[in-house]
Amino acid sequence: MPRSAVSVFIRTLGAAIAVGLLAGGTATALHAQAAGAGGQLPRFASLKSSEVNLRKGPGTDYPTAWVFRRAGLPVEIVAEHEAWRQVRDAEGTTGWVLRTLISARRTAQVLPWDVKENEPRPQVPLAARRSDSADPVAIIEAGVIADVLECDGTWCFVVVDKYRGYIRQAKLWGVYAGEAIE
């Protein structure tokens with residue numbers, strides 16, 4: 001998957017629309033937890049900026065290994081050193097990011113492990129309620145970033161663009177299995 005842009009496909013009930021979410025495109029954040037200022041490790045957070053250097057070590061003297069170009073991208077903070085956080089993305093890429101570039105906003109990526117270059121992306125229903133038989137509010141494509149408002153350990157209530165609904169927690173990267181978020 002190209003990390004610089006993701007095309008989002010959302011099918012509303014009865015009509016299909018395509019929404020392009022380029023670097024930084026996700027819904028407004030409504031839920032937050034402590035991300036940049038120390039805390040339990042590991043923990044999930046998200047990137048504040050649409051351009052974040054991932055460095056090989058905790059400092060500007062270390063070379064840039066990668067540049068993230070997607071604000072709101074969920075990352076897992078796995079270590080801390082002074083003003084730096086070692087993060088891992090959904091693909092397993094690990095490096096160091098300045099604490100001020102990490103947001104407390106909780107986001108999650110839908111099925112990032114199923115995104116294959118030059119292949120159709122799997123789709124997940126955004127359900128009207130916590131049930132596999134619930135009517136879909138929209139159909140969300142793998143790779144899309146959703147704002148996480150709450151999770152009960154099985155289902156997460158999320159926002160994608162202007163759509164709100166429930167997605168099974170196991171289909172999201174950015175929340176731990178069984179994690180409750182209020």
Side-chain angles (χ1 to χ4, degrees), residues 1 3-4 6 21 23-60 62-115 124 126 130 140 142-161 164-182:
M1 167 178 87
R3 293 178 190 242
S4 60
V6 170
L21 290 181
T26 60
T28 303
L30 299 175
H31 178 78
Q33 268 185 1
Q40 181 179 342
L41 294 175
R43 66 183 179 278
F44 281 107
S46 61
L47 299 179
K48 279 185 183 178
S49 176
S50 60
E51 188 169 309
V52 175
N53 290 335
L54 185 71
R55 296 193 175 271
K56 291 187 178 189
T60 55
Y62 290 92
T64 299
W66 185 261
V67 178
F68 290 118
R69 298 192 188 277
R70 198 167 175 197
L73 184 73
V75 292
E76 184 178 33
I77 300 172
V78 296
E80 299 177 334
H81 178 72
E82 297 174 1
W84 293 85
R85 301 297 178 256
Q86 186 178 35
V87 300
R88 177 175 35 235
D89 70 6
E91 295 177 9
T93 303
T94 303
W96 293 86
V97 172
L98 192 60
R99 168 180 73 205
T100 58
L101 297 173
I102 297 175
S103 172
R105 178 176 139 201
R106 287 297 295 269
T107 63
Q109 205 168 0
V110 178
L111 299 174
W113 47 86
D114 285 345
V115 175
V124 175
L126 183 63
R130 293 178 178 104
I140 309 300
V144 169
I145 295 174
D147 279 306
V148 177
L149 303 183
E150 59 184 61
C151 296
D152 65 10
T154 304
W155 291 91
C156 289
F157 185 63
V158 302
V159 176
V160 177
D161 195 33
R164 294 170 167 255
Y166 294 89
I167 295 180
R168 280 204 167 269
Q169 202 156 327
K171 296 180 185 277
L172 299 173
W173 191 90
V175 294
Y176 296 107
E179 179 183 14
I181 299 173
E182 298 178 353

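Values below: all heavy atoms of this structure, side chains included; hydrogens, waters and symmetry mates excluded.
Shown here for G39 and E80, the closest heavy-atom pair between the two residues is N-OE2, 3.8 Å. Considering all non-hydrogen atoms of both residues, L41 and A79 come closest at CD1-CA, 3.9 Å. Nearest approach of E76 to P42, heavy atoms of both residues: OE2-CB, 3.5 Å. When every heavy atom of V160 is checked against every heavy atom of A146, the shortest pair comes out as CG2-CB, 3.5 Å. Counting all heavy atoms, side chain and backbone alike, I77 lies closest to A45 at CD1-CB, 4.0 Å.
Considering only residues two or more places apart in sequence or on other chains, Q86 meets the side chain to side chain donor-acceptor pair (under 3.5 Å) condition with none of them. Contacts of W155 classified as ring-ring contact (aromatic ring centres under 6.0 Å, His included), with partners at least two apart in sequence or in another chain: none. Applying the salt bridge (charged side-chain N to carboxylate O under 4.0 Å, His left out) criterion to D114, with sequence neighbours excluded, gives no partner residue. Scored by the side chain to side chain donor-acceptor pair (under 3.5 Å) test, Y62 finds no partners at all (sequence neighbours excluded). Scanning for side chain to side chain donor-acceptor pair (under 3.5 Å) contacts around T60 gives an empty result, with sequence neighbours left out. In this structure, the salt bridge (charged side-chain N to carboxylate O under 4.0 Å, His left out) partners of R130, at least two apart in sequence or on a different chain, are E150, D152.
Put simply, CZ on R85 and CG on L98 are 9.0 Å apart, with the number rounded to the nearest 0.5 Å. To the nearest 0.5 Å, atoms SG (C156) and CG (L172) are separated by 5.0 Å. To the nearest 0.5 angstrom, F68 atom CZ is 12.5 Å from E51 atom CD. Between the CD1 atom of I145 and the OG atom of S46 there is a distance of 8.5 Å, given to the nearest 0.5 Å.
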Does the pair E179 and R43 meet the rule for a salt bridge (Lys or Arg N to Asp or Glu O under 4.0 Å), with working shown? CA-CA 11 Å; E179 179 183 14; R43 66 183 179 278; over 6 Å; no

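Looking only at distances, no side-chain donor or acceptor of R164 sits under 3.5 Å from a matching main-chain atom of D161. Put simply, the side chain of T64 never gets that close to the backbone of W66: no donor and acceptor are under 3.5 Å apart. The closest donor-acceptor contact from the side chain of T107 to the backbone of G72 lies under 3.5 Å. The closest donor-acceptor contact from the side chain of R106 to the backbone of G174 lies under 3.5 Å.
The aromatic rings of F157 and Y166 sit tilted relative to each other, their planes meeting at an angle between 30° and 60°. Classification of the F44-Y176 ring pair by plane angle, with boundaries at 30° and 60°, yields tilted.
Inter-residue side-chain proximity for W113 and E91 is flagged as unmet; no heavy-atom pair is nearer than 4.5 Å.
Counting non-hydrogen atoms of neighbouring residues, nucleotides and ligands closer than 6.0 angstrom, the NZ atom of K48 exceeds 12 such neighbours.
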